[in-house]
Trainee: 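Structure provided below as structure tokens; questions to follow.
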Amino acid sequence: MGRALKLIIVAEGVETTEQEAFLRDHACDEMQGFLLSQPVLPERMAELLRPLHLSPPLQPASNADSELPVGQAELAKSTV
């Protein structure tokens, strides 16, 4: 029914790999539950949402940065 209404399908309470496989096989859009993460304290939430510090790119920066959408050029430069 959710698909017919063009809704995003979210499964809650996913605890086993069997449940995850079933949901993937049935085109579930999103999942949440203990299989994916235990409950997180509010103080740790900001840490989990913080961008990853990736290693610098192997190729030197080029003028292509100016073609990136606003914000992504700054992000690309901050990882160098």
Side-chain angles (χ1 to χ4, degrees):
M1 184 166 77
R3 288 267 177 249
L5 296 170
K6 296 183 168 92
L7 298 173
I8 296 173
I9 309 302
V10 180
E12 297 181 353
V14 180
E15 297 182 3
T16 67
T17 55
E18 291 81 11
Q19 291 171 334
E20 178 190 19
F22 175 87
L23 293 165
R24 287 188 189 282
D25 289 344
H26 289 83
C28 182
D29 296 310
E30 304 286 339
M31 297 176 221
Q32 66 183 45
F34 287 155
L35 178 66
L36 306 168
S37 175
Q38 296 293 315
V40 176
L41 294 173
E43 302 82 39
R44 293 251 0 250
M45 220 37 219
E47 180 183 327
L48 290 174
L49 297 175
R50 193 170 295 125
L52 296 175
H53 296 285
L54 303 174
S55 60
L58 297 176
Q59 300 297 319
S62 67
N63 292 338
D65 289 345
S66 62
E67 297 173 11
L68 292 173
V70 175
Q72 286 188 0
E74 291 80 12
L75 180 61
K77 289 176 186 172
S78 70
T79 60
V80 175

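In this chain, numbering begins with 1 at the start of the sequence shown. The structure displayed is predicted, hence computed values, not measured ones.
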Trainee: Residues in side-chain contact (heavy atoms from CB on, under 4.5 Å) with Leu7, at least two apart?
Mentor: Leu5
Trainee: Can you list every pair that meets ring-ring contact (aromatic ring centres under 6.0 Å, His included) and has a residue in residues 4-30, with sequence neighbours left out?
Mentor: Phe22-His26
Trainee: Linking directly or through intermediates, with side-chain heavy atoms under 4.5 Å: list the remaining ILVMFWY members grouped with Val10, chain and number order.
Mentor: Ile8
Trainee: Name the atoms and distances for all side-chain donor-acceptor pairs under 3.5 Å in residues 27-43, with sequence neighbours left out.
Mentor:
{"unit_1": "Asp29", "atom_1": "OD1", "unit_2": "Arg3", "atom_2": "NH2", "d": "3.3"}
{"unit_1": "Asp29", "atom_1": "OD2", "unit_2": "Arg3", "atom_2": "NH1", "d": "3.1"}
{"unit_1": "Asp29", "atom_1": "OD2", "unit_2": "Ile9", "atom_2": "N", "d": "2.8"}

Trainee: Where the side chain of Glu47 meets the backbone of Arg44, is there a donor-acceptor pair that is under 3.5 Å apart?
Mentor: no
Trainee: Could you note down all residue pairs passing salt bridge (charged side-chain N to carboxylate O under 4.0 Å, His left out) where residues 13-27 supplies at least one of them, sequence neighbours left out?
Mentor: Glu20-Arg24
